[in-house]
**Student:** 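Structure below; questions to follow.
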Amino acid sequence: MKGVILAGGTGSRLLPLTATINKHMLPVGRYPMIMHGLARLKEAGILDVLVIVGKRDGAPILGLLGNGKRYGMNITYRVQESPGGIADALRLAKRFVGCEQVTVLLGDNLFTEPIASAVSHFQSEERYDAMVMLKKVDDPERFGVATIEDGVITSIDEKPLLPLSNDVVTGLYLYHSSVFDIIETLLPSSRGELEITDVNLAYLSNNKLGYQYVQGEWIDAGTHESLAQAHQVAAPIDLDPILSRTYEVVTI
């Protein structure tokens, strides 16, 4: 299983905080935002990770994470030249993933509990070639909303005005390598982007899309309000034991 963290984008909803810094470097609790996702992947035994960064401000992430050795991981990078959607960014990971399975994590999504059980379930599941992680929320109209009947996802509606459920698709996806063949068939949406929802719908149309519910809290920290909430929720989280990271304090 390979891991991909998507850490590009302009962070326009978080201006002016993101005027000079990548949003994934903003503090969430005691750590830069991206370190939370990295820790969740390591907990799940995913040590080979590709980070997709934007052309404008990927350097700080490279400076923080390096090649991953300090965290007991192997981290490499690809640059998304311009924002083209989640599926467009994932397409850059084709050579990295090869014929293996991949866990894709949006770098601005905070998960307070381990994802290891979901990863293990997907690895042992033969019925599905893709799996989404769902969470029940009070404001489903902000997200992709999944409708479930008899334990099976029957539809996913992106930001519907009248949601049919409060089960929303979070920023954690698991795929077989067939995902790259599907991405190649996509056409840009009305936003001019390749949408990850269209990828999931392609699997759904072939009855190959499974799901699990997120354990613990999940926050999409892409707005000022949700970033503040994420910071508060993450305040007690200690990632150092997970990432095997120690810090040297220098007194000047």
Side-chain angles (χ1 to χ4, degrees), residues 3-42 49-71 73-93 96 103-112 142-143 170-173 191-194 196 217-240 242-250 252:
V4 173
I5 298 178
L6 304 185
T10 60
S12 58
R13 292 182 298 167
L14 285 169
L15 287 170
L17 294 177
T18 51
T20 59
I21 188 172
N22 184 298
K23 68 176 176 180
H24 305 90
M25 291 292 291
L26 294 173
V28 173
R30 294 168 48 193
Y31 305 90
M33 186 187 300
I34 194 171
M35 291 183 70
H36 289 275
L38 191 70
R40 293 294 166 240
L41 292 178
K42 186 178 181 183
V49 175
L50 176 68
V51 180
I52 308 292
V53 298
K55 183 171 63 175
R56 187 194 74 167
D57 48 12
I61 294 177
L62 179 60
L64 173 71
L65 303 182
N67 64 5
K69 183 178 180 180
R70 72 188 72 166
Y71 306 112
M73 305 175 75
N74 178 46
I75 301 175
T76 53
Y77 302 85
R78 287 292 305 272
V79 176
Q80 186 182 24
E81 290 289 330
S82 59
I86 295 173
D88 178 65
L90 178 56
R91 177 166 55 180
L92 299 175
F96 168 78
T103 296
V104 182
L105 181 65
L106 303 190
D108 60 358
N109 276 222
L110 174 72
F111 297 86
T112 62
R142 292 180 52 214
F143 308 99
T170 69
L172 177 63
Y173 316 92
R191 299 193 301 172
E193 299 185 351
L194 300 184
I196 199 68
E217 296 287 335
W218 163 70
I219 301 173
D220 178 354
T223 66
H224 288 279
E225 295 76 15
S226 59
L227 178 63
Q229 182 186 4
H231 186 72
Q232 183 177 19
V233 168
I237 295 178
D238 184 4
L239 300 180
D240 291 355
I242 301 171
L243 293 174
S244 304
R245 175 69 164 131
T246 58
Y247 300 90
E248 179 181 356
V249 179
V250 178
I252 299 177

**Student:** On a heavy-atom basis, which atom in I52 and which in L50 lie closest, and how many Å separate them?
**Tutor:** CD1-CD2, 3.6 Å
**Student:** By side-chain contact (heavy atoms from CB on, under 4.5 Å), which residues pair with L62, not counting sequence neighbours?
**Tutor:**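 Once residues adjacent in sequence are excluded, the partners of L62 under the side-chain contact (heavy atoms from CB on, under 4.5 Å) criterion are Y77.
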**Student:** To the closest 0.5 Å, what do you measure between CG (L38) and CG (L64)?
**Tutor:** 8.5 Å
**Student:** Listed by chain and number, what are the side-chain contact (heavy atoms from CB on, under 4.5 Å) partners of N67, not counting sequence neighbours?
**Tutor:** K69
**Student:** To the closest 0.5 Å, what do you measure between CE (M25) and CE (M35)?
**Tutor:** 9.5 Å
**Student:** Just how far is it from atom OG1 of T103 to atom OH of Y173, taken to the nearest 0.5 Å?
**Tutor:**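 Going from the OG1 atom of T103 to the OH atom of Y173 covers 13.0 Å.
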**Student:** Which heavy atom in T112 sits nearest to a heavy atom in E217, and how many Å separate them?
**Tutor:**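 Heavy-atom minimum between the residues: OG1-N, 2.8 Å.
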**Student:** If we only count heavy atoms from C-beta on, is the F111 to T170 side-chain gap below 4.5 Å?
**Tutor:**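 Side chain of F111 against side chain of T170, heavy atoms only: contact under 4.5 Å found.
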**Student:** Check whether any side-chain heavy atom of V51 lies under 4.5 Å from a side-chain heavy atom of I34, and answer yes or no.
**Tutor:**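 Yes. Closest side-chain heavy atoms under 4.5 Å.
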**Student:** Can you name the residues that form a side chain to side chain donor-acceptor pair (under 3.5 Å) with N74, not counting sequence neighbours?
**Tutor:**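 Side chain to side chain donor-acceptor pair (under 3.5 Å) list for N74, sorted by chain: D48.
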**Student:** Using every non-hydrogen atom in the two residues, find where A230 and V28 come nearest and quote the distance to one decimal.
**Tutor:** O-CG1, 3.6 Å
**Student:** Apply salt bridge (charged side-chain N to carboxylate O under 4.0 Å, His left out) to R13 and list each qualifying residue two or more places apart in sequence or on a separate chain.
**Tutor:**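 R13 satisfies salt bridge (charged side-chain N to carboxylate O under 4.0 Å, His left out) with no other residue.
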**Student:** To the nearest 0.5 Å, tell me how far I5 CD1 sits from L41 CG.
**Tutor:** 5.0 Å
**Student:** For H36 and Y31, which heavy atoms make the closest approach, and how far apart are they?
**Tutor:** NE2-CB, 4.1 Å
**Student:** Side chains of L65 and V49: closer than 4.5 Å at any heavy-atom pair?
**Tutor:**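 They are not in side-chain contact.
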**Student:** Going by the rule side chain to side chain donor-acceptor pair (under 3.5 Å), which residues pair with S226 if we only count those two or more places apart in sequence or in a different chain?
**Tutor:** T223
**Student:** For a 4.5 angstrom cut-off between non-hydrogen side-chain atoms, does L110 reach M33?
**Tutor:** no
**Student:** Report the residues that fulfil side chain to side chain donor-acceptor pair (under 3.5 Å) with N109, sequence neighbours left out, ordered by chain and then residue number.
**Tutor:** W218
**Student:** Looking only at non-hydrogen atoms, find the nearest pair between G58 and V53 and report the distance.
**Tutor:**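 Minimum heavy-atom separation between G58 and V53: CA-CB, 3.9 Å.
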**Student:** Between K42 and S244, what is the shortest heavy-atom contact and its length?
**Tutor:** NZ-OG, 3.3 Å
**Student:** Would R40 and I242 count as a side-chain contact (heavy atoms from CB on, under 4.5 Å) if you check the C-alpha gap in whole Å, the side-chain angles of each, and the deciding distance to 0.1 Å?
**Tutor:** CA-CA 9 Å; R40 293 294 166 240; I242 301 171; 4.0 Å; yes
**Student:** Please report the interatomic distance CG(N22) to CD1(I61), rounded to the nearest 0.5 Å.
**Tutor:**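 With rounding to 0.5 Å, CG (N22) is 4.0 Å from CD1 (I61).
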**Student:** Suppose we screen for side-chain contact (heavy atoms from CB on, under 4.5 Å). Which residues come up paired with Q232, at least two apart in sequence or across chains?
**Tutor:** none
**Student:** Rounded to the nearest 0.5 Å, what separation is found between the CG atom of L105 and the CG atom of L6?
**Tutor:**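 Atom-to-atom, L105:CG and L6:CG are 8.0 Å apart.
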**Student:** Which pairs with one or both residues in residues 77-86 pass salt bridge (charged side-chain N to carboxylate O under 4.0 Å, His left out), sequence neighbours excluded?
**Tutor:** K55-E81
**Student:** Can you name the side-chain contact (heavy atoms from CB on, under 4.5 Å) partners of D88, sequence neighbours left out?
**Tutor:** Q80, R91, L194
**Student:** I need the full list of salt bridge (charged side-chain N to carboxylate O under 4.0 Å, His left out) pairs touching residues 16-26, with sequence neighbours left out, sorted by first then second residue.
**Tutor:** K23-D108
